[in-house]
Amino acid sequence: MSPSPKIFITGASSGIGAALAAHYARRGAVLGLCARRLASTQALFSSLRCAGSCYQADVTDSASLKAAAEDFMERFGVPDIVIANAGVSAGTLTENPEDLSAFRRIMDTNVFGMAVTFQPFVATMRARASGTLVGIASVAGFRGLPGGSAYSASKSAAITYLESLRVELHGSGVAVVTICPGYIRTPMTAANRYRMPFIMDADEAARRFARVIAGKRRFAVIPWQMAIVSLVLRHLPRWLFDRLFARAPRKARGLPP
């Protein structure tokens, strides 16, 4: 009988992170669940009735993430899969000085937080010559969306960071998987005030993500319909993109607490 997979997930208290935790718990995984909100993470962990532990950790605080990672490895061993899922989103406008703090938090969480999540595990995974690092990016990272400058920039940077990391670890036995979701029905997207084509439930998204992760695919856009839309958007000439999106609906401003 194969040993239970060990999986470490950030942003695990709700949304995609919680759905991934539930998916892997049903398969007998040992879970390390990280989030800023300890009470909701503990409630989720208790409901899953699985082995592992949960941690209160903010991915913008490298010390708190490192402590969580070290505790998990000491108690359960080096994880087989690490999923950098923590993310925040809000509309931002450069002309508004009050939006600069939101811009910084989005970039710190969605980009720096990904490196903070992986860093404690890379050396041990490389030494073991196995493991999978998974970054949850977004199709929003393919083009700069009006009113979502910080979010688009952060996801674009995440995609590029993950590519660099993948090449750095080439031949080491450690896989790097980039997942770019379209719209997923979560508390984050609930704030969007516009139509969201091809939106998926979080549980279905988690199932598809897990299939990509198991296959160690380098890059995936989910669902496939958004992959086609994204391909078209990436190849639109700039003058046409500007004309089409100048009046596009905007993300609501203001980050969640």
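These figures come from a predicted structure and were not determined experimentally. Each residue takes its place number in the sequence, starting with 1.
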Tell me if the centroids of the rings in Phe198 and Tyr183 come within less than 6.0 Å of each other. no
Same apolar cluster (I L V M F W Y, side chains within < 4.5 Å links), Ile83/Leu31: yes
Looking at every heavy atom in both Ala202 and Gly15, which two are closest together, and how far apart are they? CB-O, 4.2 Å
For the residue pair Asp71 and Tyr55, confirm or rule out a side-chain donor-acceptor distance under 3.5 Å. yes
Let me check something: do Val212 and Ile136 share a hydrophobic cluster, defined by ILVMFWY side-chain heavy atoms less than 4.5 Å apart, either directly or through other members? yes
Distance, nearest 0.5 Å, that separates CE of Met125 from OG of Ser130: 7.5 Å
Taking Asp58 for the side chain and Thr60 for the main chain, is one N or O donor matched with an acceptor at less than 3.5 Å? yes
Which heavy-atom pair separates Leu65 from Thr117 by the least distance, and what is that distance? CD1-CA, 3.8 Å
Donor-acceptor pair, distance only, cut-off 3.5 Å: does the side chain of Asp99 make one with the backbone of Thr94? no
Taking atom CZ of Arg27 as the centre, report whether more than 12 heavy atoms of other residues, nucleotides or ligands fall under 6.0 Å from it. yes
How about Ser149 and Thr92: does a side-chain donor come under 3.5 Å of a side-chain acceptor? yes
For Ser46 and Ala43, indicate whether the former's side chain and the latter's backbone hold a donor-acceptor pair under 3.5 Å. no
Flag for Arg126-Ser172: side-chain donor and acceptor within less than 3.5 Å: no
Exceeds 12 heavy-atom contacts within 6.0 angstrom, atom CZ of Arg243: no
Does some side-chain heavy atom of Phe209 sit less than 4.5 Å from a side-chain heavy atom of Val134? no
Joint hydrophobic cluster, Tyr161 plus Phe103, side-chain heavy atoms closer than 4.5 Å: no
Using a 4.5 Å cut-off on heavy atoms from C-beta on, say whether the side chain of Leu169 contacts that of Val122. yes
Side chain to side chain contact (heavy atoms under 4.5 Å, CB included) evaluation trace for Arg208 with Met200: CA-CA 11 Å; Arg208 297 192 192 190; Met200 299 173 59; 3.5 Å; yes
Looking only at heavy atoms, which two atoms of His235 and Leu231 are closest? And how far apart? ND1-O, 2.9 Å
The test is side chain to side chain contact (heavy atoms under 4.5 Å, CB included); show your working for Thr109 and Arg105 and say whether it passes. CA-CA 6 Å; Thr109 303; Arg105 183 176 162 199; 4.0 Å; yes
Does a side-chain heavy-atom distance below 4.5 Å link Phe142 with Val221? yes
Hey, could you give me the CD1/OH distance between Ile7 and Tyr24, rounded to the nearest 0.5 Å? 5.0 Å
Heavy-atom count around Arg218 CZ within 6.0 Å, excluding the residue itself: above 12? no
Any side-chain heavy-atom pair of Thr132 and Asp80 under 4.5 Å: no
Ile179 side chain near Phe219 side chain, heavy-atom distance below 4.5 Å: no
Enter the distance from Ile222:CD1 to Arg207:CZ here, rounded to the nearest 0.5 Å. 10.0 Å
For atom CD of Glu98, is the number of surrounding heavy atoms from other residues, nucleotides or ligands below 6.0 Å larger than 12? yes
When you measure from the side chain of Ser152 to the backbone of Leu145, do you find a donor-acceptor pair of N or O atoms at a distance under 3.5 Å? yes
I need the Ile106 CD1 to Ser154 OG distance, nearest 0.5 Å. 6.5 Å
Single-linkage hydrophobic cluster Val174~Met73, side-chain heavy atoms < 4.5 angstrom: yes
Return the CE to OG1 distance between Met114 and Thr10, rounded to the nearest 0.5 Å. 8.0 Å
Closest heavy-atom pair and its distance - Ala22, Leu48: CA-CD2, 3.7 Å
State, yes or no, whether a side-chain contact exists between Arg166 and His170 at a heavy-atom distance under 4.5 Å. no
Any heavy-atom pair between the side chains of Phe72 and Cys34 that's under 4.5 Å? no
Answer yes if Phe8 and Val30 sit in the same cluster of Ile, Leu, Val, Met, Phe, Trp and Tyr residues linked by side chain heavy atoms under 4.5 Å apart, and no otherwise. yes
Does NZ or CZ of Arg143 lie under 6.0 Å from the centre of the six-membered ring of Phe245, at an angle within 45° of the ring axis? no
Can you name the closest pair of heavy atoms from Phe118 and Leu162 and give their distance? CE1-CD2, 3.7 Å
Shortest non-hydrogen contact between Gly28 and Pro5, atoms and distance: O-CD, 4.4 Å
Do Asp242 and Trp239 have side chains that approach each other closer than 4.5 Å (heavy atoms only, starting at C-beta)? no
Interatomic distance, CG@Asn110 vs OG@Ser89, rounded to 0.5 Å, equals 8.0 Å
Do the side chain of Asn85 and the main chain of Gly11 share a donor and acceptor less than 3.5 angstrom apart? yes
Worked verdict on Arg36 versus Thr41 for side chain to side chain donor-acceptor pair (under 3.5 Å): CA-CA 9 Å; Arg36 290 184 297 115; Thr41 310; over 6 Å; no
